[in-house]
Amino acid sequence: MCGRYAFDDIEEIFEVRTILEEAAASLGSDKASKIKTGEVFPSETAAVIAQGRGAAAMTWGYPLHSTSRIIINARSETIFEKPMFKKSIAANRCLIPCTGFFEWSKSQGAKHKFKICPKGERFFYLAGLYSSFHKDGRSEERFVIITAPANEEMKPIHERMPLMLLKDAEGDWLGDKTDIEAIYNRITKLDKIAV
């Protein structure tokens, strides 16, 4: 599961500045301040790179019909079959810019928070899906993060992890063909920092 991630505004990383500026432009200047940086929580507006469109601002979480609950993650093992994700996986994939994701580990009755990223990387992407939802006469775009079973390095902390891509592998997720297994197997070494 991925219930929180970080997108820190690191000025010296050109891609970060560009994504934030383009996502802000998609909202208009009056709403640009709504794009969350730092620690991002479900139901907040965040920057994404949408398939075929580029940077945009969307809300994290697909709404569940007739409830106030949201779905924030999609399991890589079932996204091709689940009705909620079938349309999105075909044509509405996105990348979520990220500087780390958070997970909690329990030991000796206490919870410990870790910030995790690929080893040696300060900026990367999480694979996601997006879709438009209509409520009260207005349309809103929302995204979910794709998760996979934890790799060997992640297992001591949590049983699942987000599907991660390094910044030079955008086409692996946003292209016409998507090989989830290849993406999953690419990142094996993780930095795990207790926060």
Side-chain angles (χ1 to χ4, degrees), residues 1-7 13-28 31-32 34-37 40 42-64 70-101 117-118 121 123-135 138-148 160-187:
M1 180 170 160
C2 181
R4 213 175 297 172
Y5 71 92
F7 182 40
I13 299 179
F14 176 75
E15 292 93 339
V16 170
R17 295 281 356 129
T18 302
I19 291 165
L20 284 171
E21 288 167 11
E22 288 178 12
S26 77
L27 280 180
K31 295 180 183 174
K34 289 186 177 182
I35 297 174
K36 185 73 189 300
T37 56
V40 182
S43 78
E44 292 185 327
T45 300
V48 303
I49 298 173
Q51 190 175 23
R53 289 179 33 203
M58 297 183 191
T59 302
W60 183 10
Y62 281 16
L64 274 174
I70 58 174
I71 300 293
I72 61 171
N73 296 146
R75 289 177 168 257
S76 62
E77 305 93 315
T78 58
I79 54 175
F80 292 95
E81 294 92 40
K82 293 254 182 177
M84 181 178 268
F85 306 123
K86 258 180 152 174
K87 183 180 173 188
S88 297
I89 190 65
N92 291 346
R93 294 187 295 274
C94 65
L95 293 169
I96 298 100
C98 186
T99 55
F101 66 92
C117 62
E121 299 294 327
F123 172 66
F124 60 102
Y125 296 109
L126 305 178
L129 305 173
Y130 73 95
S131 190
S132 289
F133 294 89
H134 306 281
K135 186 178 178 183
R138 65 183 188 92
S139 179
E140 180 182 36
E141 289 185 311
R142 294 175 160 260
F143 72 93
V144 292
I145 294 171
I146 302 204
T147 64
R160 295 195 67 77
M161 61 190 277
L163 197 58
M164 295 176 280
L165 295 101
L166 298 181
K167 58 188 176 182
D168 61 353
E170 291 178 45
D172 292 352
W173 184 247
L174 299 182
D176 292 335
K177 295 181 181 177
T178 300
D179 186 346
I180 289 175
E181 195 67 27
I183 293 169
Y184 172 72
N185 287 326
R186 189 168 297 156
I187 296 177

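Residue numbers start at 1 and run along the sequence shown.
Atoms OH and CZ, on Y5 and F124 in that order, are 11.0 Å from each other to the nearest 0.5 Å. Rounding to the nearest 0.5 angstrom, the gap separating the CD1 atom in I79 from the CD1 atom in I146 is 3.5 Å. Note that the CD1 atom of I96 and the CH2 atom of W173 stand 9.0 Å from one another [nearest 0.5 Å]. Residue I187 holds its CD1 atom at 10.0 Å from SG of C117, rounded to the nearest 0.5 Å.
Applying the salt bridge (Lys or Arg N to Asp or Glu O under 4.0 Å) criterion to E77, with sequence neighbours excluded, gives R160. Remark: R53 engages E141 in a salt bridge (Lys or Arg N to Asp or Glu O under 4.0 Å) (not counting sequence neighbours). Remark: R4 engages E39 in a salt bridge (Lys or Arg N to Asp or Glu O under 4.0 Å) (not counting sequence neighbours). Not a single salt bridge (Lys or Arg N to Asp or Glu O under 4.0 Å) links E121 to another residue, sequence neighbours left out. For T99, the side-chain hydrogen bond (donor to acceptor under 3.5 Å, both in side chains) criterion is met by D8, not counting sequence neighbours.
Heavy atoms only, all atoms of each residue included: T45 and A57 are closest at CG2-CB, 3.9 Å. The two residues C2 and L126 have their closest heavy-atom pair at SG-CD1, 4.4 Å. In plain terms, the two heavy atoms of P42 and G3 that are nearest each other are CD-O, 3.3 Å. For the residue pair S132 and S139, the shortest heavy atom distance occurs at CB-OG, 4.0 Å. Across every non-hydrogen atom of I70 and P63, the tightest pair is CG2-CA, 4.1 Å. In this structure, T59 and S43 approach most closely via the heavy-atom pair CG2-O, 3.5 Å.
Checked against Y125 for a side chain to side chain contact (heavy atoms under 4.5 Å, CB included), the options V48, L163, I19 give a single hit: I19.
In this pair, F123 and F7 present their aromatic rings tilted. The plane angle is within the 30 to 60° band.
Q51 contributes a side-chain N or O that, together with a main-chain N or O of L174, makes up a donor-acceptor pair within less than 3.5 Å. A donor-acceptor pair under 3.5 Å is formed between the side chain of R93 and the backbone N or O of G175.
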Solution key, residues 80-91 side-chain donor-acceptor pairs under 3.5 Å, sequence neighbours excluded:
from	atom 1	to	atom 2	distance (Å)
S88	OG	Y62	OH	2.9
S88	OG	Y130	O	3.0

List the steps, then state whether side-chain contact (heavy atoms from CB on, under 4.5 Å) holds for M161 with T147. CA-CA 5 Å; M161 61 190 277; T147 64; over 6 Å; no
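Looking only at side-chain heavy atoms (C-beta outward), P97 and L95 stay at 4.5 Å or farther from each other. A heavy-atom distance below 4.5 Å is not found between the side chains of W60 and K36.
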